[in-house]
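Only one structure is covered here, and it is reproduced in the block below.
Predicted, not measured: the structure shown is a model, and the values here were computed from it. Protein chains get the first letters and strands the later ones, always in sequence-line order, with residue 1 at the start of each. All heavy atoms count here, side chains included; hydrogens, waters and symmetry mates do not.
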Number of protein chains: 2
Amino acid sequence: MKREKNKELFRKFVSRQGLKSTRQRENILDVFVSTKQHMSVEELYEKLRAAHPGIGYATVCRTLKLFAQSGIAHEIHFGDGRTRYEPAAQGEHHDHLVCTGCGTIAEFENSTIEELQTAVADGHDFLIHSHKLELYGLCARCRK
Amino acid sequence: MKREKNKELFRKFVSRQGLKSTRQRENILDVFVSTKQHMSVEELYEKLRAAHPGIGYATVCRTLKLFAQSGIAHEIHFGDGRTRYEPAAQGEHHDHLVCTGCGTIAEFENSTIEELQTAVADGHDFLIHSHKLELYGLCARCRK
DNA sequence: TTTATAATGATAATCAATATCAATAAGGAG
DNA sequence: CTCCTTATTGATATTGATTATCATTATAAA
């Protein structure tokens with residue numbers, strides 16, 4: 001199961017880096033892996049406080065950064081000034097359809113686009129590490 | 001010429017919106033249209049101060065936002081917390097290759113990718129308004 | 001000119017994220 | 001199990017970029 005795999009990966013990361021396993025990190029990990037996509041730090045913080053009162057905002061920020069470093073999370077910026085995180089699915093990648101009407105975010109994957117990206121990068125002698133593709137517009141509901 | 005066209009477009013926008021033509025706006029317009037791509041607000045401010053001392057930072061911010069509203073500029077966010085602007089070329093669109101080694105930004109266009117994006121959006125009954133595609137990695141020089 | 005209104009620039013306010021730091025917790029050594 | 005070094009936490013201050021405020025100045029139409 002993906003969730004458990006990410007939890008395992010993070011625990012290995014912590015031990016490999018000589019970091020310590022703490023109650024807070026486990027709590028944040030639990031909530032994070034079972035969360036819906038694209039949560040902002042603020043949203044995750046609120047959700048965490050509900051389940052684990054007393055946790056600090058700074059700790060949430062720090063831990064999410066660790067998640068990104070460990071590879072189990074991706075940091076996302078949609079240009080609204082908030083940092084968002086989403087659980088990473090190893091070996092997969094998806095891009096986003098962002099509705100400017102209601103804020104809904106849908107996901108998609110398209111391997112042909114990915115291949116073309118690689119081709120473009122090759123043409124520039126550029127080595128792709130990661131990419132970001134976002135389509136902004138109106139979702140089906142907001143078009144009506 | 002593209003630069004003059006953008007200047008004309010902005011002047012029309014100002015008059016159409018009942019805004020006023022000011023020395024500062026003309027100065028910022030001059031510097032902006034003749035600038036290299038992807039300048040941050042800070043960089044544009046510094047460049048402007050060199051040519052037109054006394055101009056305020058807030059005015060630069062406000063005017064760049066107006067440029068974006070008028071359609072002659074695009075606002076760009078690369079995730080480093082700085083807002084950048086680039087002159088818009090009407091009817092064209094390009095995407096970015098961002099080197100995480102030296103920070104260099106190259107541009108590319110690929111109409112096939114654009115078509116596939118439209119196809120993906122159609123499949124979701126989504127109407128694209130704009131999009132952002134950025135490839136992060138190492139440029140030719142940094143790969144060596 | 002006069003006059004209503006918009007724009008400017010200095011500065012304060014905002015907002016998310018990060019740094020600081022004293023108190024606490026983890027976990028290996030003995 | 002206890003000690004001890006070091007990492008972590010959480011409260012708060014700070015940062016850094018952008019935006020709001022507001023008195024003063026400038027624009028452009030009557």
Side-chain angles (χ1 to χ4, degrees), chain A residues 10-32 38-70 73-85 103, chain B residues 10-32 38-70 73-85 103:
Chain A
F10 181 66
R11 294 195 183 106
K12 280 182 192 166
F13 172 83
V14 165
S15 107
R16 208 180 326 119
Q17 302 287 313
L19 305 177
K20 290 173 179 173
S21 165
T22 67
R23 177 175 48 81
Q24 289 89 338
R25 282 178 182 163
E26 281 298 315
N27 290 161
I28 299 172
L29 192 53
D30 276 338
V31 170
F32 180 68
H38 325 109
M39 295 275 275
S40 68
V41 177
E42 178 70 26
E43 286 167 336
L44 280 160
Y45 173 64
E46 290 304 333
K47 191 164 182 180
L48 274 158
R49 288 196 51 131
H52 310 281
I55 198 154
Y57 187 84
T59 301
V60 176
C61 280
R62 282 184 291 230
T63 306
L64 289 170
K65 279 222 170 297
L66 276 186
F67 288 175
Q69 282 174 40
S70 77
H74 290 137
E75 206 175 295
I76 314 178
H77 297 271
F78 285 141
D80 63 351
R82 290 152 188 255
T83 304
R84 292 158 198 276
Y85 289 88
Chain B
F10 181 67
R11 294 195 184 107
K12 280 181 191 167
F13 172 83
V14 166
S15 107
R16 208 181 325 117
Q17 302 287 312
L19 305 178
K20 289 174 180 174
S21 165
T22 67
R23 176 175 50 80
Q24 289 89 338
R25 282 178 181 163
E26 281 298 314
N27 290 160
I28 299 172
L29 191 54
D30 276 337
V31 169
F32 179 69
H38 325 112
M39 295 275 277
S40 68
V41 177
E42 178 71 25
E43 287 168 336
L44 279 160
Y45 174 64
E46 289 306 332
K47 190 165 183 182
L48 274 158
R49 288 195 52 131
H52 310 282
I55 199 156
Y57 187 84
T59 302
V60 175
C61 280
R62 283 184 291 229
T63 305
L64 288 170
K65 279 220 168 298
L66 275 187
F67 288 175
Q69 282 174 40
S70 76
H74 289 137
E75 206 175 294
I76 314 178
H77 297 270
F78 286 139
D80 63 350
R82 291 154 187 252
T83 305
R84 291 159 198 276
Y85 289 88

Measuring to OP1 and OP2 of D:dG10, would you say a side-chain N or O of A:Tyr57 lies under 4.0 angstrom away?
no
Round to the nearest Å and state the distance from B:Gln69 atom CD to C:dA7 atom P.
11 Å
Below 30° counts as parallel, above 60° as perpendicular, anything between as tilted: where do the rings of B:Phe10 and B:Phe67 land?
perpendicular
Which whole-number value in Å describes the distance from B:Ile28 CD1 to C:dT8 C1'?
10 Å
Taken to the nearest whole Å, CZ/A:Arg11 to C1'/C:dA26 is 16 Å
For nucleotides 22-30 of chain D, just jot down a letter per nucleotide in 5' to 3' order: B, S or -, based on protein non-hydrogen atoms under 4.0 Å.
-----BS--
Quick one: is C:dA16 close enough that its OP1 or OP2 comes under 4.0 Å of any side-chain N or O from A:Thr83?
no
B:Leu64 CG to C:dT8 P, in whole Å, measures 12 Å
Whole Å only: how far is the NE2 atom of A:His77 from the P atom of C:dA16?
14 Å
Rounded to whole Å, CG of A:Asn27 lies from P of C:dA26 at a distance of 12 Å
How long is the line joining CG of B:Leu44 and P of D:dT18, in whole Å?
11 Å
Ignoring hydrogens, what is the shortest heavy-atom contact between A:Val41 and A:Cys61? Give both atom names and the distance.
CG1-SG, 3.7 Å
So which nucleotide from D:dT12, D:dA17, C:dA17 ends up closest to the side chain of A:Val41?
C:dA17
I need the CD1-P distance between A:Ile55 and D:dA11, as an integer number of Å.
10 Å
Side chain of A:Arg25 only, heavy atoms from C-beta on: which candidate in C:dG9, D:dT8, C:dA19 is closest?
D:dT8
Return the minimal non-hydrogen interatomic distance between B:Thr83 and B:His77, and the atom names on each side.
OG1-CE1, 3.5 Å
Heavy-atom nearest nucleotide on DNA chain D taken for B:Gly81 and for A:Gly54; more 5' hit belongs to A:Gly54
Minimum heavy-atom separation for B:Asp80 to B:Arg84, with atom names?
OD2-NH2, 2.8 Å
Does D:dG10 have OP1 or OP2 under 4.0 Å away from a side-chain N or O of A:Gln24?
yes
Which pair of non-hydrogen atoms, one from A:Tyr45 and one from A:Ile55, has the smallest distance, and what is that distance?
CE1-O, 3.5 Å
Identify the two heavy atoms, one from B:Ile28 and one from B:Thr63, that lie closest to each other, and give their separation to 0.1 Å.
CD1-OG1, 3.5 Å
Ignoring backbone atoms, establish whether B:Lys65 has a side-chain N or O less than 4.0 Å from OP1 or OP2 of D:dT18.
no
Can you tell me how the ring of A:Phe78 sits relative to the ring of A:His38, calling it parallel under 30°, perpendicular over 60° and tilted otherwise?
tilted
